[in-house]
Each structure stands twice: as structure tokens, then as C-alpha cells.
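Just so it is clear, the model here is predicted, and its values are computed rather than measured. As a basis for the values below, the full set of heavy atoms in this structure was taken, side chains included, without hydrogen atoms, waters or symmetry mates. Nothing fancy with the numbering, it's 1 onward along the sequence.
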Amino acid sequence: MRRDFLYAFRLLRGSPGFTAVAILTLALGIGANTAIFSVVNAVLLRPLPLRAPERLVFLIASRAESRYPFSVPAYETIRDRNHSFSSMTSFCQQGLTLTGVGEPERLPAALVTASFFTTLESQPLLGRAFRPGEDQPGANPVAIISHSLWQRRFAADRGVLGKTLTLDNNVATIVGVMPPAYGFPFPRTDV
């Protein structure tokens with residue numbers, strides 16, 4: 001191996017232009033890989049803002065041509081027949097339009113079952129999590145808002161609990177505010 005290194009060194013010393021291009025190429029490649037990994041780590045690989053993320057299992061139905069979420073009846077059947085998981089929840093992403101508090105704004109939202117925060121062992125910074133039955137048809141709509149929405153639209157008013165939001169012409173009562181770094185189930189969820 002020593003002879004191989006000496007031979008390589010002699011070849012590189014003999015052609016300084018090639019050596020400079022090779023070193024520059026390696027430096028750029030290593031720098032680019034480092035930058036890309038930093039972005040991938042921050043966006044995809046960082047741990048979830050949850051107490052025990054290694055205990056979570058994410059289920060999604062799939063067909064050969066696409067992936068799609070479970071329907072509500074399918075989720076309820078799986079939940080009711082579950083013998084493997086300590087708790088289950090369901091969520092889906094949706095955009096909602098906030099009106100009645102300043103200018104209308106389209107908000108990234110997550111529709112979740114009442115067991116969402118219990119399953120994820122998470123608690124709001126202010127207020128409370130959802131109670132059983134609050135996700136049932138006919139129940140009074142309730143909402144938990146993000147820390148950024150609380151600051152942006154409610155000026156971090158601690159009296160926000162109990163106030164109402166009009167989301168797509170449906171009125172929901174604010175029951176909680178999440179901590180600043182909580183970005184789950186989607187990176188930017190306001191409601």
C-alpha cells in the first residue's frame with residue numbers, strides 16, 4: 001500500500017494541472033454533498049417533535065398505481081379491531097380559509113381525530129388537547145392553533161382560549177395553542 005501511495009503521489013506531482021483540477025473537483029463534490037445532506041437532514045431526517053417517535057407506525061393504503069389515505073369507515077374498522085397498537089389516530093391535510101379575524105387568510109390545516117394528541121403524547125402550550133367525542137358528527141367544532149398563528153393573528157393573547165375562528169364558514173372554538181417548534185403532522189400546520 002505504501003508503494004501505491006508513492007506511485008500516486010509521483011503521478012500527481014508530475015502533472016500539476018490535473019492535480020489541481022482533481023483536488024478542486026473533490027472539494028466541490030464534498031462541499032455539495034455536505035450542503036445537500038444538511039438540507040435533507042433538516043427537512044426529512046430530523047427527529048419528529050414528539051416524545052417517543054420511534055414507537056410510531058404510519059399506515060397508508062396503497063395500490064400499485066398510487067398511495068391514498070384510509071377512508072373514515074376503514075380507519076374506524078382498523079381502530080376497532082386493533083390488537084397490536086396501544087393507541088391509534090387519523091389525520092389528513094386540508095387548506096382552510098380563516099375569516100372574521102382581520103384579512104381572510106388561507107391556512108394549512110390538519111383534520112385529526114380526537115385521539116391525535118393522546119396518541120402522540122403531545123400537549124398544547126396553552127389550553128387542552130381534544131376530548132373524546134369532539135370528533136363525532138354533531139359535536140361542537142373545536143380547534144387547536146399553531147404558535148405562529150397565535151402570535152400573528154391574535155398578538156399572543158393568552159385569552160385566546162374560548163374565542164372562535166371561522167374556517168370555511170364553519171365556526172370552531174379555540175381550545176389550545178401548540179408550542180413554537182411543533183410542526184406535526186405536516187411541517188407548517190396552523191390549525
Chemist: Should the pair F116 and F91 be assigned to parallel (<30°), tilted (30 to 60°) or perpendicular (>60°) ring geometry?
Modeler: perpendicular
Chemist: For the hydrophobic clusters of this structure (ILVMFWY residues joined by side-chain heavy atoms under 4.5 Å, transitively), does one cluster hold both V142 and L111?
Modeler: no
Chemist: For S122 and Y182, does a side-chain donor sit closer than 3.5 Å to a side-chain acceptor?
Modeler: yes
Chemist: How long is the gap from CD on Q94 to OG1 on T189, to the nearest 0.5 Å?
Modeler: 12.0 Å
Chemist: Write down the atom of P124, the atom of G176, and the distance for their closest heavy-atom approach.
Modeler: CB-CA, 4.3 Å
Chemist: Going by salt bridge (Lys or Arg N to Asp or Glu O under 4.0 Å), name the pairs with one or both residues in residues 79-103, residues two or more places apart or in two chains.
Modeler: none
Chemist: With a 4.5 Å heavy-atom cut-off, do T89 and F117 have their side chains touching?
Modeler: no
Chemist: Quick one, V177 and I144 - any side-chain contact, counting heavy atoms below 4.5 Å?
Modeler: no
Chemist: To the nearest 0.5 Å, what is the distance between OG (S146) and CG (L125)?
Modeler: 11.5 Å
Chemist: Mind listing the closest non-hydrogen atom pair of A114 and P132 along with its distance?
Modeler: CB-CA, 4.2 Å
Chemist: Kindly compute the distance separating OH (Y75) from CE (M88), expressed to the nearest 0.5 Å.
Modeler: 6.0 Å
Chemist: Could I get the full list of side-chain hydrogen bond (donor to acceptor under 3.5 Å, both in side chains) partners for R128, not counting sequence neighbours?
Modeler: E134
Chemist: If you apply the rule side-chain contact (heavy atoms from CB on, under 4.5 Å), what do you find for I174 with L165, and how did you get there?
Modeler: CA-CA 7 Å; I174 299 172; L165 293 174; 3.7 Å; yes
Chemist: Indicate yes or no for a side-chain donor-acceptor contact from T19 to the backbone of L12 under 3.5 Å, with no hydrogens or angles considered.
Modeler: yes
Chemist: Sort and list the pairs that fulfil salt bridge (Lys or Arg N to Asp or Glu O under 4.0 Å) and have at least one residue in residues 165-183, not counting sequence neighbours.
Modeler: R106-D168
Chemist: For residues 3-36, which residue pairs qualify under ring pair (Phe, Tyr, Trp, His ring centres under 6.0 Å), counting only residues two or more places apart or in two chains?
Modeler: none
Chemist: How far apart are the closest heavy atoms of A139 and G133, and which atoms are they?
Modeler: CB-O, 3.5 Å
Chemist: Please walk me through it: do R152 and E105 pass side-chain contact (heavy atoms from CB on, under 4.5 Å)?
Modeler: CA-CA 11 Å; R152 187 174 71 247; E105 180 181 357; 2.9 Å; yes
Chemist: Kindly state each residue pair satisfying side-chain hydrogen bond (donor to acceptor under 3.5 Å, both in side chains) with at least one member in residues 154-167, sequence neighbours excluded.
Modeler: D157-K163
Chemist: Check whether any side-chain heavy atom of F85 lies under 4.5 Å from a side-chain heavy atom of N82, and answer yes or no.
Modeler: yes
Chemist: Identify the heavy atoms of V112 and D135 that sit nearest to each other, and give their distance.
Modeler: O-CB, 4.5 Å
Chemist: Scan I145, V191, L167 and name whichever one has a side-chain contact (heavy atoms from CB on, under 4.5 Å) with L98.
Modeler: L167
Chemist: Can you find a heavy atom in the side chain of L107 that is under 4.5 Å from one in the side chain of T97?
Modeler: no
Chemist: Rounded to the nearest 0.5 Å, what separates atom CG in L149 from atom CZ in F154?
Modeler: 6.0 Å
Chemist: Among residues at least two apart in sequence or on other chains, which ones pass salt bridge (Lys or Arg N to Asp or Glu O under 4.0 Å) with R188?
Modeler: D190
